[in-house]
Amino acid sequence: PHGMALEYIITADVIRFDAVPEDRAILEVRWSLWRGNDRELLINKKSSFQTPLQSSKYDVLVAAMSACLSDFSHEVAKAVVEYYHFDHQN
């Protein structure tokens with residue numbers, strides 16, 4: 001919301017998000033974590049996640065792609081928590 005101070009800002013550019021049929025789902029993303037109050041860049045990295053496909057069925061593909069997104073969100077959340085604890089260790 002307008003006027004609200006943000007503690008951290010995350011930007012993400014998806015480079016690749018697809019699947020190799022009957023092989024694996026792939027997510028490649030370049031992402032950054034910024035400290036909100038001073039716009040200091042804390043992390044700038046490219047991450048890649050892969051999840052094997054157990055079959056060529058659509059629901060298996062969707063589940064594998066969802067797992068890639070989950071892995072990415074956990075990586076970002078871990079980074080935010082680490083910086084939050086660092087910033088608030090008083």
Side-chain angles (χ1 to χ4, degrees):
H2 181 69
M4 183 177 175
L6 300 175
E7 198 154 350
Y8 299 100
I9 299 168
I10 299 160
T11 59
D13 293 313
V14 175
I15 299 164
R16 180 178 181 183
F17 188 39
D18 62 8
V20 178
E22 299 182 19
D23 186 16
R24 65 190 182 272
I26 301 167
L27 171 62
E28 293 179 3
V29 59
R30 179 165 300 283
W31 63 279
S32 301
L33 174 63
W34 305 79
R35 186 172 287 113
N37 59 348
D38 60 6
R39 302 293 195 256
E40 177 186 356
L41 179 62
L42 303 172
I43 296 175
N44 185 31
K45 70 181 289 187
K46 179 180 175 186
S47 298
S48 181
F49 306 93
Q50 298 184 18
T51 302
L53 295 176
Q54 304 303 322
S55 75
S56 60
K57 293 182 179 179
Y58 185 73
D59 60 333
V60 172
L61 170 65
V62 170
M65 294 179 86
S66 179
C68 288
L69 287 171
S70 177
D71 291 344
F72 171 59
S73 68
H74 283 105
E75 181 174 282
V76 172
K78 181 180 175 187
V80 170
V81 167
E82 287 175 3
Y83 275 98
Y84 180 84
H85 287 307
F86 177 79
D87 288 344
H88 294 87
Q89 60 178 343
N90 289 351

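Index from 1, following the sequence. Note: hydrogens, waters and symmetry copies are ignored here, and every other heavy atom, side chains too, is used.
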Contacts of Y83 that satisfy side chain to side chain donor-acceptor pair (under 3.5 Å) - sequence neighbours left out: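 Counting only residues at least two positions away or on another chain, Y83 forms no side chain to side chain donor-acceptor pair (under 3.5 Å).
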
Side chain to side chain contact (heavy atoms under 4.5 Å, CB included), paired with Y8, selected from V76, N37, D87: D87

Hey, can you pull the donor-acceptor pairs under 3.5 Å for the side chains in residues 41-48, sequence neighbours left out?
residue	atom	partner	partner atom	Å
N44	OD1	S32	OG	2.9
S47	OG	W31	NE1	2.9
S47	OG	E75	OE2	2.4

Could you list the donor-acceptor pairs under 3.5 angstrom formed by side chains in residues 54-64, with sequence neighbours left out?
residue	atom	partner	partner atom	Å
S55	OG	K57	N	3.3

From CZ (R35) to CG (L6), nearest 0.5 Å: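 The CZ atom of R35 sits 14.0 Å away from the CG atom of L6.
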
Spacing of CG belonging to D71 relative to OG1 belonging to T51, to within rounding of 0.5 Å: 5.5 Å

Whichever hydrophobic residues join V20 through chains of side-chain contacts under 4.5 Å: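 V20 shares its hydrophobic cluster with I26.
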
Residues that, via side-chain heavy atoms closer than 4.5 angstrom, fall in one hydrophobic cluster with F86: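 None; F86 is a cluster of one.
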
Nearest heavy atoms of I15 and R30, plus distance in Å: CD1-N, 3.9 Å

Which atom of A25 lies closest to which atom of L53, heavy atoms considered: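 Closest approach of A25 to L53: N-CG, 4.1 Å.
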
Salt bridge (charged side-chain N to carboxylate O under 4.0 Å, His left out) contacts in which one or both residues fall within residues 11-25, not counting sequence neighbours: R16-D18

Same apolar cluster (I L V M F W Y, side chains within < 4.5 Å links), V14/I10: yes

Worked verdict on F17 versus L69 for side-chain contact (heavy atoms from CB on, under 4.5 Å): CA-CA 9 Å; F17 188 39; L69 287 171; 3.7 Å; yes

